[in-house]
Amino acid sequence: MKALSFPKSHRLLRPADYGKVFNDVQLKVPHRNFLILATPNNLGHARIGLIFSKKNLKLAVQRNRIKRQVRESFRHQTDLPGLDLVVLGRQGLVSLDNHSVRSSMDDLWRRLRKKYAQSQPSRAAPSESANRGTG
């Protein structure tokens, strides 16, 4: 049970944490109802922050339900890389049931891992090709 906990160390708590992600977006994972922005951190584990506006989800009970589902989905992702993540809500979230939210988030986590894995070799590749040209 302890492996699936959600401690404060796995959350973005301060405005500066959110600002770091917004100012240095390395990865974007779009979806019809969500957008995930991510930037690497040096902590060795992922941290998440949630932004769901009153414009898209009018009632607090709706915002809280979606946030609860997203947090629960994140909590089960034990193999995410060391990233600071901000999950933004988009229009149409109010019409989704809990199962749809969870399946959408599971798809987004899978796509995030894939994009992160693709971005890693591409960062090392330019320096290797530069070294080959000098010899």
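Being a predicted model, the structure only gives us computed values, none of them experimental. Residue numbers start at 1 and run along the sequence shown.
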Working to the nearest 0.5 angstrom, can you tell me the gap between His45 NE2 and Ser9 OG? 4.5 Å

Report all side-chain donor-acceptor pairs from residues 30-37 shorter than 3.5 Å, counting only partners two or more places apart or in another chain.
residue	atom	partner	partner atom	Å
His31	ND1	Asn33	N	3.1
Asn33	ND2	Gln91	O	3.2

Measure the shortest side-chain to side-chain distance between Phe74 and Leu80 over non-hydrogen atoms and say whether it is less than 4.5 angstrom. yes

Between Gln77 and Asp106, is any pair of side-chain heavy atoms under 4.5 Å apart? yes

Looking only at atom types and distance, does a side-chain atom of Gln69 sit under 3.5 Å from a main-chain N or O of Arg65, one as donor and one as acceptor? no

Work out which heavy atom in Asn56 is nearest to a heavy atom in Gly89; give both atom names and the distance. ND2-O, 3.0 Å

Looking only at non-hydrogen atoms, find the nearest pair between Val87 and Phe52 and report the distance. CG1-CZ, 4.2 Å

How far apart are the closest heavy atoms of Gln62 and Leu57, and which atoms are they? OE1-C, 3.8 Å

Flag yes if Ile51 and Val94 sit in one hydrophobic cluster, no otherwise; membership is Ile, Leu, Val, Met, Phe, Trp, Tyr, and two members link when side-chain heavy atoms are under 4.5 Å apart. no

Distance alone, cut at 3.5 Å: any donor-acceptor contact between the side chains of Asp97 and Ser100? yes

Note: Arg111-Asp107 ion pair, threshold 4.0 Å (strictly below): yes

Quick one: does any side-chain atom of Lys67 pair with a main-chain N or O of Leu50 as donor and acceptor, under 3.5 Å? no

Donor-acceptor pair, Asn23 side chain versus Gly19 backbone, under 3.5 Å? yes

Distance in Å, Lys28 NZ paired with Lys115 NZ, rounded so as to fall on 0.5 Å steps: 9.0 Å

Provide the full list of salt bridge (charged side-chain N to carboxylate O under 4.0 Å, His left out) pairs with a residue in residues 39-55, sequence neighbours left out, each pair given once. Asp17-Arg47, Arg47-Asp84

Smallest separation among heavy atoms of Arg113 and Pro81, with atom names: CG-CD, 4.4 Å

Reported CZ-to-CG distance for the pair Arg63 and Leu93, which is rounded to 0.5 angstrom: 12.0 Å

How far does CG of Leu85 sit from CG of Leu108, to the nearest 0.5 angstrom? 11.0 Å

Atom pair CG (Leu96) and OG (Ser104), whose distance is rounded to the nearest 0.5 Å: 6.0 Å

Does some side-chain heavy atom of Val25 sit less than 4.5 Å from a side-chain heavy atom of Thr39? no

Compare every heavy atom of Tyr18 with every heavy atom of Gly49, then report the nearest pair and how far apart it is. CA-OH, 3.3 Å

Asn42: which residues meet the side chain to side chain donor-acceptor pair (under 3.5 Å) condition with it, sequence neighbours left out? none

What are the two closest non-hydrogen atoms of Arg75 and Thr78, and how far apart are they? O-CG2, 4.5 Å

